[in-house]
Q: 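Pasting a structure below so you can have a look.
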Amino acid sequence: MFITVFGQKGGVAKTCSSVHIAACWSHQQKRVVLVDADRNRSATAYGARGLLPYPVVPIEAAAKATRSAEIVITDGQASSNEEEMKNLVEGADFILLPTTTQSRSIELTVEMSQMLRQYKIPFAALLVKVDARKEAAAEQAIELFEGFDIKVLATQIPLLSAFEQAETEGVTVDRAIDKRGRANSRRMAGWAAYSAACKEIEVLFEEHHKQNQNHSPIGWDFTPMENRMAA
């Protein structure tokens, strides 16, 4: 399964989401590779200490590194460039769109969703950095997405300092520690949220795969992009 994580702006936990959904499947004994396709190399920096439970490779090395992988997560470029997006979409079975509840983030996700529809690849928005004290903002975001017929995962990723602590240490959130060196008390809430998101993605992927059977052993649709758009 090939999953690309997209975002049109920084600050939407794109790399954090890529790192954690990869980790969740890796913990299920899946062979996972995280491909860093962002020019900022954020995922590479995250995994620089070698403490993540899977390899992180630049897109230039992806062909060899992903040869035996069961799941490939691509941390996509934060861009609205249509050509860049087309190239990344061509190698995806599912697109994940992390977005905050901020109005500009929602607007950009809606714009990207409109572009993605023409490629006939399943995608869904994932609300991230959700403040438990501002439930109304999350509810409003969901209503807006549903108004544009955009699938939103039921799982919401909470706003937690544990994510920042984990990134600083180069580990996943379940291993986050506070400034005193103690395990962050909220770390497992973040881990559980991404684990639940992975389950939802699996269901959506399977539903789409059943409706669009192909003969690839790993689910890659080799139909040329032009043909998919014309179908």
Q: Tell me whether R186 contacts the main-chain N or O of A162 through its side chain, where contact means a donor paired with an acceptor under 3.5 Å.
A: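 Checked: no pair found.
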
Q: Using only heavy-atom distances, determine whether the side chains of T172 and D174 contain a donor-acceptor pair under 3.5 Å.
A: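 Side-chain D/A pair, T172 to D174: present.
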
Q: Consider only side-chain heavy atoms of I, L, V, M, F, W and Y, link residues closer than 4.5 Å, and tell whether I59 and V89 are in one cluster.
A: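 Same hydrophobic cluster.
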
Q: Which residue pairs satisfy the ring pair (Phe, Tyr, Trp, His ring centres under 6.0 Å) criterion with at least one member in residues 36-58, sequence neighbours excluded?
A: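 Qualifying pairs: none.
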
Q: Given side chains that start at C-beta, do those of K14 and D38 come closer than 4.5 Å, heavy atoms only?
A: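 K14 vs D38: side chains touch.
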
Q: Please check this pair: side chain of D131 against backbone of R133, looking for a donor-acceptor N/O pair closer than 3.5 Å.
A: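 Yes, D131 side chain to R133 backbone: donor-acceptor pair under 3.5 Å.
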
Q: I need the L96 CG to D75 CG distance, nearest 0.5 Å.
A: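 Rounded to the nearest 0.5 Å, the CG-CG separation comes to 11.0 Å.
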
Q: Which pair of non-hydrogen atoms, one from T155 and one from A193, has the smallest distance, and what is that distance?
A: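 Looks like CG2-O, 3.0 Å.
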
Q: Would you name the heavy atoms of I106 and T100 that are closest together and state the gap between them?
A: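 Result for this residue pair: CG1-O, 3.7 Å.
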
Q: According to side-chain contact (heavy atoms from CB on, under 4.5 Å), who are the partners of K151, at least two apart in sequence or on a separate chain?
A: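 Counting only residues at least two positions away or on another chain, K151 forms a side-chain contact (heavy atoms from CB on, under 4.5 Å) with A124, L204.
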
Q: For the atom pair NE2 (H27) and SG (C198), what is the distance rounded to the nearest 0.5 Å?
A: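 Those atoms lie 11.0 Å apart.
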
Q: In terms of hydrophobic clustering (I, L, V, M, F, W, Y; side-chain heavy atoms under 4.5 Å; direct or indirect links), are I177 and W191 co-clustered?
A: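 Result: no, two separate clusters.
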
Q: Is a side-chain N or O of S105 found less than 3.5 angstrom from the main chain of T101, in a donor-acceptor match?
A: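 Between the backbone of T101 and the side chain of S105 there is no qualifying donor-acceptor contact (under 3.5 Å).
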
Q: Report yes or no: does T4 contribute a side-chain atom to a donor-acceptor pair with the main-chain N or O of A92 at less than 3.5 Å?
A: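 Such a contact is absent between T4 side chain and A92 backbone.
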
Q: Does Q102, at its CD atom, have more than 12 non-hydrogen atoms belonging to other residues, nucleotides or ligands within less than 6.0 Å?
A: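 No.
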
Q: Grab the two heavy atoms, one from F145 and one from A125, that are nearest each other, plus how far apart they are.
A: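 Heavy-atom minimum between the residues: CE1-CB, 4.3 Å.
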
Q: Do the non-hydrogen side-chain atoms of C16 and E167 ever get within less than 4.5 Å of each other?
A: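 Not in contact.
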
Q: Look at R104 together with E107 and state whether they make a salt bridge at an N to O cut-off of under 4.0 Å.
A: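 E107 and R104: salt-bridged.
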
Q: So, do Q156 and I142 sit near enough that their side-chain heavy atoms are less than 4.5 Å apart?
A: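 Yes, side chains in contact.
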
Q: Show your working on ring-ring contact (aromatic ring centres under 6.0 Å, His included) between H20 and F163 and close with a plain yes or no.
A: CA-CA 10 Å; H20 282 87; F163 284 117; 5.4 Å; yes

Q: Are L159 and M188 linked, directly or through intermediate hydrophobic residues, by side-chain heavy-atom contacts shorter than 4.5 Å (ILVMFWY only)?
A: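 No, because M188 and L159 fall into different hydrophobic clusters, even though each may have its own neighbours under 4.5 Å.
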
Q: Check whether more than 12 heavy atoms from other residues, nucleotides or ligands sit under 6.0 Å from atom CD of E60, and answer yes or no.
A: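 More than 12 heavy atoms, drawn from other residues, nucleotides or ligands, come within 6.0 Å of this atom.
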
Q: Just checking, any donor-acceptor pair under 3.5 angstrom between side chains of W25 and E202?
A: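 Yes.
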
Q: Check whether any side-chain N or O of Q114 sits under 3.5 Å from a backbone N or O of E111 as a donor-acceptor pair, and report yes or no.
A: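 Here the side-chain-to-backbone pair does not exist.
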
Q: Taking C-beta and beyond as the side chain, do I71 and I21 meet within less than 4.5 Å on heavy atoms?
A: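 No, their side chains stay 4.5 Å or more apart.
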
Q: If you take all heavy atoms of L34 and S18, which pair is closest and at what distance?
A: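 So the two residues come closest at CD1-CB, 3.9 Å.
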
Q: V12 and F6: same hydrophobic cluster, using ILVMFWY side-chain contacts below 4.5 Å?
A: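 V12 and F6: separate clusters.
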
Q: Could you check if a side-chain atom of L97 sits within less than 4.5 angstrom of a side-chain atom of I150, using non-hydrogen atoms only?
A: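 Result no, sub-4.5 Å side-chain heavy-atom pair not found.
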
Q: Working to the nearest 0.5 angstrom, can you tell me the gap between Q140 CD and K134 NZ?
A: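 Rounded to the nearest 0.5 Å, the CD-NZ separation comes out at 12.5 Å.
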
Q: Do you reckon L127 sits in the same ILVMFWY cluster as F148, going by side-chain contacts under 4.5 Å, direct or chained?
A: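 Result: yes, single cluster for both.
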
Q: For a side chain to side chain contact (heavy atoms under 4.5 Å, CB included) with F94, tell me which candidate from I201, I121, V5 qualifies.
A: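 Going through the options one by one, the only one that passes is I201.
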
Q: Return the minimal non-hydrogen interatomic distance between L126 and S17, and the atom names on each side.
A: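 So the two residues come closest at CD2-OG, 4.2 Å.
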
Q: Can you give me the closest heavy-atom contact between D149 and R117, atom names plus distance?
A: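 Residues D149 and R117, closest heavy atoms: O-NH2, 3.0 Å.
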
Q: Which distance, rounded to the nearest 0.5 Å, do you find between the NZ of K120 and the NE2 of H208?
A: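 Answer for the NZ-NE2 pair, K120 versus H208, is 10.0 Å.
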
Q: Should the pair D178-R180 be classified as a salt bridge under the 4.0 Å nitrogen-to-oxygen rule?
A: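 Looking at D178 and R180, the cut-off is not met.
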
Q: Please round to the nearest 0.5 Å and tell me the distance separating atom CG of N184 and atom CZ of R182.
A: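 Reported value, rounded in 0.5 Å steps: 10.0 Å.
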
Q: Does E169 offer a backbone N or O that forms a donor-acceptor pair with the side chain of R175 under 3.5 Å?
A: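 It does not hold such a pair.
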
